[in-house]
Asker: 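Dropping a structure here in structure tokens format, bear with me for questions.
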Amino acid sequence: QVQLVESGGGLVQAGGSLRLSCAASGRTFSTYALGWFRQAPGKEREFVARMSRTAGSTGYADSVKGRFTISRDNAKNTVYLQMNSLKPEDTAVYYCAAKLGVVVSTISDLNDYWGQGTQVTVSS
């Protein structure tokens, strides 16, 4: 089992940057694929980015491609989401997800573990 704790959210102006972190407990961190999702008010949770268990491949939602970068540091049991060129439509609660297997599913219900979320607000 793994527990996930996100941090790094906040208020930023459009065009700015934030880096989210997700710290995981447990000694089997490297066996989990990791990803980020977000949920805006009144909307369903949506896939944002994912990284394979071996960190050999990444995937992004079209809406963030070229602006967001996911990375992981297995030595620190942490996954990151670097968010650049932020837009007001990026405003949401961002969640870290983990799944036993090669990659996180883009379907949120199919993932195994979730963090509590961190709020990101982008002002225009």
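Basis for what follows: all heavy atoms, side chains included, without hydrogens, waters or symmetry-related copies. Owing to the predicted nature of the structure, the values given are computational and were not obtained by experimental measurement.
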Asker: Would you find a donor on one side and an acceptor on the other, under 3.5 Å apart, between the side chain of Glu6 and the backbone of Cys96?
Answerer: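 Checking the backbone N and O of Cys96 against the side chain of Glu6, a donor-acceptor pair under 3.5 Å is found.
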Asker: Could you tell me if the side chain of Trp36 sits less than 4.5 Å from the side chain of Val79, heavy atoms only?
Answerer: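 With C-beta onward as the side chain, the pair touches.
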Asker: My understanding is that only residues two or more places apart in sequence, or in another chain, count here; which of them pass ring-ring contact (aromatic ring centres under 6.0 Å, His included) with Tyr113?
Answerer: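 So Tyr113 forms a ring-ring contact (aromatic ring centres under 6.0 Å, His included) with Tyr32.
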Asker: Ignoring hydrogens and geometry, is there a side-chain-to-backbone donor-acceptor pair from Asn74 to Asn77 under 3.5 Å?
Answerer: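 Flag not set: sc Asn74 to bb Asn77 has no pair under 3.5 Å.
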Asker: Which ILVMFWY residues are connected to Leu110, directly or by a chain of links, through side-chain heavy atoms under 4.5 Å apart?
Answerer: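 Same cluster as Leu110: Ile107.
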Asker: My understanding is that only residues two or more places apart in sequence, or in another chain, count here; which of them pass salt bridge (charged side-chain N to carboxylate O under 4.0 Å, His left out) with Arg67?
Answerer: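 Applying salt bridge (charged side-chain N to carboxylate O under 4.0 Å, His left out) to Arg67 gives Asp90.
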Asker: Please list all pairs passing the side-chain hydrogen bond (donor to acceptor under 3.5 Å, both in side chains) test where one or both residues lie in residues 98-108, with sequence neighbours left out.
Answerer: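 Sorted pair list comes back empty.
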Asker: Is there a side-chain contact between Trp114 and Arg45, using heavy atoms and a 4.5 Å cut-off?
Answerer: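 Sidechains of Arg45 and Trp114: in contact.
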Asker: Any chance you could measure Leu11, atom CG, to Thr91, atom OG1, to the nearest 0.5 Å?
Answerer: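 These two atoms lie 8.5 Å from each other.
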Asker: Taking side-chain contact (heavy atoms from CB on, under 4.5 Å) as the test, write out the residues that go with Gln3, two or more places apart.
Answerer: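 Once residues adjacent in sequence are excluded, the partners of Gln3 under the side-chain contact (heavy atoms from CB on, under 4.5 Å) criterion are Ser25.
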Asker: For residues Ala24 and Leu4, report the shortest heavy-atom separation together with the two atoms involved.
Answerer: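 Minimum heavy-atom separation between Ala24 and Leu4: CB-CD2, 3.7 Å.
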Asker: Tyr94: which residues meet the side chain to side chain donor-acceptor pair (under 3.5 Å) condition with it, sequence neighbours left out?
Answerer: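 Partners of Tyr94 by the side chain to side chain donor-acceptor pair (under 3.5 Å) criterion, ordered by chain and then number, come out as Arg38.
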Asker: Who passes ring-ring contact (aromatic ring centres under 6.0 Å, His included) against Phe47, sequence neighbours left out?
Answerer: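 Result, ring-ring contact (aromatic ring centres under 6.0 Å, His included) vs Phe47: Phe37.
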Asker: Check side chain to side chain donor-acceptor pair (under 3.5 Å) between Gln119 and all other residues, then give those that pass, not counting sequence neighbours.
Answerer: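 Side chain to side chain donor-acceptor pair (under 3.5 Å) list for Gln119, sorted by chain: Thr121.
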Asker: Closest heavy-atom contact between Ala97 and Val104?
Answerer: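 The answer is O-CG2, 3.9 Å.
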Asker: Is there side-chain contact between Phe68 and Leu81, with heavy atoms separated by less than 4.5 Å?
Answerer: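 Yes, their side chains come closer than 4.5 Å.
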Asker: List for me each residue that meets side chain to side chain donor-acceptor pair (under 3.5 Å) alongside Asn84, sequence neighbours excluded, and say none if there are none.
Answerer: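 For Asn84 the side chain to side chain donor-acceptor pair (under 3.5 Å) partners, ignoring immediate neighbours, are Ser17, Gln82.
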Asker: Could you list the residues that satisfy side-chain contact (heavy atoms from CB on, under 4.5 Å) with Ala14, not counting sequence neighbours?
Answerer: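 By the side-chain contact (heavy atoms from CB on, under 4.5 Å) rule, Ala14 matches Pro88, Val122.
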Asker: With the side chain counted from C-beta on, respond yes when Tyr80 and Thr69 share a heavy-atom pair under 4.5 Å apart, and no when they do not.
Answerer: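 No, too far: nothing below the 4.5 Å cut-off.
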Asker: Of the non-hydrogen atoms in Thr118 and Gly8, which two are nearest, and what is the gap between them?
Answerer: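 Answer, listing the atom of Thr118 first, then Gly8: OG1-N, 4.3 Å.
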Asker: Hey, any chance Val12 and Leu20 share a hydrophobic cluster, counting ILVMFWY side chains that come within less than 4.5 Å of each other, even indirectly?
Answerer: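 Val12 clusters together with Leu20.
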Asker: For Ala61, does its backbone N or O pair with a side-chain atom of Ser63 as donor and acceptor, under 3.5 Å?
Answerer: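 The answer is no, because no donor-acceptor pair under 3.5 Å joins these two groups.
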Asker: Name all pairs fulfilling the disulfide (SG to SG under 2.5 Å) condition that reach into residues 56-85, sequence neighbours left out, sorted by first residue then second.
Answerer: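 Every candidate disulfide (SG to SG under 2.5 Å) pair involving residues 56-85 fails, so no pair, neighbours aside, qualifies.
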Asker: Can you tell me how far apart CZ (Arg50) and CG (Leu34) are? Round to the nearest 0.5 Å.
Answerer: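 Rounded to the nearest 0.5 Å, the CZ-CG separation comes to 12.5 Å.
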Asker: Would you say Leu18 and Val120 make side-chain contact, with heavy atoms under 4.5 Å?
Answerer: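 Touching, per the 4.5 Å side-chain cut-off.
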Asker: For the backbone of Ser124 and the side chain of Gln13, can you confirm whether one donor and one acceptor N or O come within less than 3.5 Å of each other?
Answerer: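 No; zero donor-acceptor contacts below 3.5 Å.
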Asker: Going hydrophobic residue to hydrophobic residue with side-chain gaps under 4.5 angstrom, can you get from Met83 over to Tyr60?
Answerer: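 Yes, same cluster.
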Asker: Please enumerate all residues that pass salt bridge (charged side-chain N to carboxylate O under 4.0 Å, His left out) together with Lys65, with sequence neighbours excluded.
Answerer: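 Lys65: salt bridge (charged side-chain N to carboxylate O under 4.0 Å, His left out) contacts with Asp62.
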Asker: Checking the side chain of Ser52 only, and the main-chain atoms of Ser57 only, is there a donor and an acceptor separated by less than 3.5 Å?
Answerer: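 It does hold such a pair.
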